[in-house]
Amino acid sequence: MSKININLPDGTSKQFESGVTSMQIAQSISEGLARNVLSAKVNGAVWDANREIEADATLNLLTWNDEEGKSTMWHSSAHLMAEALESLYPGIKFAIGPPIESGFYYDIDFMEYEFSEADLPKIEKKMIELARMKNVFERKYVSKPDAIKYFEEKSDQYKRELIQDLEDGEITFYTQGGFTDLCRGPHIPHTGFIKAVKLLSVAGAYWRGDENNPMLTRIYGITFPKQAELDDYLQLLEEAKKRDHRKLGKELELFTFDDDVGPGLPLWLPKGAFLIEQLEQLAKTTERKAGYQRVKTPHIAKENLYITSGHLPYYKDSMFPPMQMDGSTYYLKSMNCPHHHKLFDALPKSYKDLPVRFAEYGTCYRYEKSGELFGLMRVRALQMNDAHIYCTKDQFAQEFRAVNDMYLKYFKIFGIDKYIMRFSTHSPEKLGKKYVDNPKLWKETEDMVRKVLIESGIPYKEVADEAAFYGPKIDVQIYSVIGREFTLATNQVDFAQPLSFNLTFTNQNNESEHPIVIHRAPLGTHERFIGFLIEHYAGKFPLWLSPEQVRILPISEKFNEGCKNILQSLENYDIRASLDDRGEKIGKKIRDAEMAKVPYMLIIGEKELDEGIVSIRKQGEGDQGSKSVKEFAEFIQQDVNEIMSI
RNA sequence: GCCGAUGUAGCUCAGGGGUAGAGCGCUUCCUUGGUAAGGAAGAGGUCAGGGGUUCAAUUCCCCUCAUUGGCUCCA
């Protein structure tokens, strides 16, 4: 037996017999470690802990504390669920069952069985029962014909289809207890590691994600090595629900939807409208300083505009149906760019005029499919923080960088520290179909964007085949506190529309030249951004953004008159204050103000009025002592100014 | 658009083949209270809409609409 060297993460190296498993190595280090090992990274690839290592290797033992360890556990959990399902519903067919960010799912064809959410507890129980048997996950190589034969006998057409696409020689099966599945692995040593199970939901999902394929039943679940961790997770889900923008939006009276107005068409209540105004003011100030000019454009346009822009053939289905008027066809606009291009074209441009930056909070209408609507995050009427920058190739890098800097400034103001820029490029095979057919300009612009991203050191991820049809784009993905990930804003390069609109400027050599256009929307749309902010702040907006900054709470109605003077003083300092003059007890008034998440409460009784002071209570933090009205007002102003000076 | 769930008072929800309930909110009255809910009375519902089964439907069945968990999609 030959010896092999195993390099461990602490820098040490140990000798073992060839054929040693990660589990045995873990045991040689400590029993405790061995009890926690779920899988192992061998030379960078995640393996079963029971798999034999035959040559020198770098080893990283994976436990529940590693992302890959969790992933292994959840992958095995999907198999465990499949085993439980097969024993309860013999003959059902399995498609795919991968681990996901939190937990796992399995897509199943339930055949003639009726299956609903009510059946989940039964399956959880079975899974626990099977887990306790500590069945080992056994890996075995299977030849392609044997693999196909196995699933043909089970008449599982999904697995067969999957195997068809695999290379002979690399097909493996895993068996635990009485269940065998096609699987690359890796898996945990045995099912006993799974101690707590929660099946979360049942949903439909198309086979291979294609809406033309049959719909399968997808079961989502999550498992943990300890019951306590499952309890914590469920607690977290509860917390997330409390932050849901749809719930808070109602409670804080920000927005509403109405059947008579229509789905996906939000109505903004005064407090929500205030948020909009405040964000617009921020955008206008920021953009003015950055050399943007504001423009205004109508909400509809003739069909021809969208034919010229090239949008219509790509997006007709997601535009509201056209209107016929005076022999012409009109569309509600679903983007502002063509209108802005026409503004650019309205007056002749010299290179001396560039860059031209047109900004508008434009309202657009998109016919999102009914099932895609989601609170404020996906709507059919949206107000976009839009702008288009027309510049020369030489100016591009600087302009693009300036846009990125604007993003970063906003992130700082809003305390967004978890984000990633997603750099979407085209796919050469789809030129002329999904993308404008101009390979040279695609390459040129993609190179330019990549260069700026690298130079500015912003974290980014490059993804092919996700660009806009007219050029590469950067989407800003952010993560809300409750783990919801979405695209907040977008920054796109456009070389195609300047050509299709024949936008030109006269260059130094007195020649006509096409500008490059940058489409950008750092604050995305009001709808999505405010939806995000509600969840981000859990409804507790920072002072500068709060519709109601201060609420004055008289101890009794006797002091209402005196409080009106305080209210007046605060208003003179431009502080958004209100007076709760109801005949309620102070405890009730405080409770209501706390629930309305008003940042500051001023409690005013005989003592305060006599001494000319205010007693301050901060939302969520309680009594803050007292100050004179002037001191308090200046304190508020300073807090607001700090943010505005970022 | 597709699969599943849900729709009862302004809000959160209970109920159930014999024409409806709670808490909060709202209105009025009493109370004038010092840091998270004072007391009483009252108003408020075509049980999402339409059709069917039934002596009788808010309840059972079908369709539509809306919301929602996902899938697909997101210029």
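Each chain gets a letter, A, B and so on, in the order its sequence line appears, and its residues count up from 1. Side chains are part of it too, since the values below use all heavy atoms of this structure and drop only hydrogens, waters and symmetry mates.
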Could one point to a donor on the side chain of [X] or the base of [N] with an acceptor on the other under 3.5 Å away?
| X | N | value |
| --- | --- | --- |
| A/Arg378 | B/rC73 | yes |
| A/Tyr206 | B/rG1 | yes |
| A/Glu253 | B/rG10 | no |

Please determine whether a side-chain nitrogen or oxygen atom of [X] lies at a distance below 4.0 Å from atom OP1 or OP2 of [N].
| X | N | result |
| --- | --- | --- |
| A/Arg246 | B/rU68 | yes |
| A/Ser370 | B/rG1 | yes |
| A/Lys247 | B/rC11 | no |
| A/Lys588 | B/rU32 | no |
| A/Lys585 | B/rU35 | no |
| A/Tyr106 | B/rG70 | no |

Under a plain distance cut-off of 3.5 Å, with no hydrogens placed, do [Y] and [X] share a side-chain donor-acceptor pair?
| X | Y | answer |
| --- | --- | --- |
| A/Gln492 | A/Tyr470 | yes |
| A/Asp475 | A/Thr487 | no |
| A/Tyr206 | A/Arg208 | no |

Taking for each residue the nucleotide of RNA chain B with the nearest heavy atom, is it A/Ser116 or A/Ile586 whose nucleotide lies nearer the 5' end?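 Going by which nucleotide is closer to the 5' end, it is A/Ser116.
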
I want to confirm an ordering. Mapping A/Phe115 and A/Leu373 to their closest nucleotides on RNA chain B, which one lands closer to the 5' end?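 Result: A/Phe115.
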
Pair A/Glu446 + A/Lys443, salt bridge at N-O below 4.0 Å: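 Looking at A/Lys443 together with A/Glu446, the answer is no, because their closest N to O distance does not fall below 4.0 Å.
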
Spacing of [X] atom [atom1] relative to [N] atom [atom2], expressed in whole Å:
| X | N | atom1 | atom2 | value |
| --- | --- | --- | --- | --- |
| A/Phe469 | B/rC74 | CZ | P | 13 Å |
| A/Met215 | B/rU72 | CE | P | 10 Å |
| A/Lys618 | B/rA36 | NZ | P | 17 Å |
| A/Glu594 | B/rU35 | CD | C1' | 9 Å |

Would you mind reporting whether A/Leu431 and A/His426 have side-chain heavy atoms less than 4.5 Å apart?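 Contact flag for A/His426/A/Leu431 side chains = yes.
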
